[in-house]
Amino acid sequence: ERRLAFVVGVNQYSNLSKEKQLQHAISDAETVGSALQEIGFSVTRLTQGVSLQTFSSRFDAFARTIEPGDVVVFFFAGHGIAVGGTNYLIPSDIPALTADNEGTVRRLALAEPDLVKDLKERGARVTVMVIDACRENPFPKTGTRSLGSTRGLARVEPSQGVFALYSAGAGELALDYLPGHPGSANSLFTHVFVEQLRKRTSLLDLGESVRDEVVEQARRAGHRRCHPTIAKSPVRAACTWRPCPSQSCLTMRSLSFKRA
């Protein structure tokens, strides 16, 4: 089997206010891309000029390289919002929107289900979605109304053969820094994800260890509502992440893990 990854990081949003610009998304994407290469993935990076057109063109080209049986990882660090129960990842050229622009979001942002569908249609055996976009809604409110959820992403049920890991639970905010290390180039989620990526062979073990470690480090820093969430469908995942001496496999059901 081949192992392919598409890794995206967006720091600068040309039409959003200064306080909505991000500091670590590009470095998070670069760090994750390097870690995936270390364990045998061929990595396509997109961290500069991530407009809707550029993303669509590069993503389509990447999807065309997928062959039946491949293991595919998609990583995104940047802004995202939930509208009508669907998660949308925000490209760098999104216009400044208001609560009345839900239709514009659906046209000019990247719907998570559409990305998954494109990867699965190419025959990927396992698709791994890692989304670090659980931040404050970057669009201003109109009175008391907001465009989509005010914070974080929505809980989703993944399709067959998909394993998804989100940097925070539904409606929660991820920490965009590493507690105790003010000079760190990475967010807490990415720091822990890469650390565990080098240790774990099972997708389920990876997801649970990332969740538990992020919860613990966030708790020590005084943040009690930061629970990375695992969403998974039936997929034989114990030996799909990296070479594993065990021949045992684990059948996983759709389930969200969350620790109080």
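The figures here come from the full heavy-atom set of this structure, side chains too, leaving out hydrogens, waters and symmetry mates.
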Engineer: Distance check, rounded to the nearest 0.5 Å: I131 atom CD1 versus M129 atom CE?
Structural biologist: 4.5 Å
Engineer: For this output row, return yes or no: ring centroids of F41 and F6 closer than 6.0 angstrom.
Structural biologist: no
Engineer: Restricting to pairs with a member in residues 87-97, which pass salt bridge (Lys or Arg N to Asp or Glu O under 4.0 Å), not counting sequence neighbours?
Structural biologist: none
Engineer: Are T127 and R122 linked by a side-chain donor-acceptor pair shorter than 3.5 Å?
Structural biologist: no
Engineer: State which residues pass side chain to side chain contact (heavy atoms under 4.5 Å, CB included) with D70; sequence neighbours excluded, sorted by chain then number.
Structural biologist: R2, L4, I66, E67, V72
Engineer: Should the pair F189 and F193 be assigned to parallel (<30°), tilted (30 to 60°) or perpendicular (>60°) ring geometry?
Structural biologist: parallel
Engineer: Between OG1 of T44 and CZ of F62, what distance do you get to the nearest 0.5 Å?
Structural biologist: 5.5 Å
Engineer: Has T190 got a side-chain atom pairing as donor or acceptor with N186's backbone, closer than 3.5 angstrom?
Structural biologist: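 No; zero donor-acceptor contacts below 3.5 Å.
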Engineer: Please lay out, stage by stage, how L36 and L197 fare under the test side chain to side chain contact (heavy atoms under 4.5 Å, CB included).
Structural biologist: CA-CA 8 Å; L36 288 169; L197 183 64; 4.0 Å; yes
Engineer: Checking T54 against S57: is there a side-chain donor and acceptor pair closer than 3.5 Å?
Structural biologist: no
Engineer: Treating Y13 as the side-chain partner and A96 as the backbone partner, does any N or O pair qualify as donor plus acceptor under 3.5 Å?
Structural biologist: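 Looks like no, no N/O pair under 3.5 Å.
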Engineer: Give a yes or no on whether the backbone of S187 and the side-chain of D28 come within a donor-acceptor separation of less than 3.5 Å.
Structural biologist: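 A pair under 3.5 Å: yes.
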Engineer: Do side-chain atoms of E38 reach the backbone of R198 as a donor and acceptor pair under 3.5 angstrom?
Structural biologist: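 A pair under 3.5 Å: no.
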Engineer: T104: what forms a side chain to side chain contact (heavy atoms under 4.5 Å, CB included) with it, not counting sequence neighbours?
Structural biologist: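 Partners of T104 under the side chain to side chain contact (heavy atoms under 4.5 Å, CB included) test: L97, N101, R107, L108.
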Engineer: Does the side chain to side chain contact (heavy atoms under 4.5 Å, CB included) test come out yes or no for V10 and I26, once each step is laid out?
Structural biologist: CA-CA 6 Å; V10 187; I26 289 178; over 6 Å; no
Engineer: Hey, could you give me the CD/OH distance between E112 and Y166, rounded to the nearest 0.5 Å?
Structural biologist: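 If we round to the nearest 0.5 Å, E112:CD and Y166:OH are 3.5 Å apart.
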Engineer: Can you tell me if S17 and E19 form a side-chain donor-acceptor pair at under 3.5 Å?
Structural biologist: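 There is such a pair between these side chains.
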Engineer: What verdict does the side chain to side chain contact (heavy atoms under 4.5 Å, CB included) test give for V192 and Q217, after you've listed the backbone C-alpha separation in whole Å, the side-chain angles of each residue and the deciding distance to 0.1 Å?
Structural biologist: CA-CA 9 Å; V192 173; Q217 290 197 34; 3.9 Å; yes
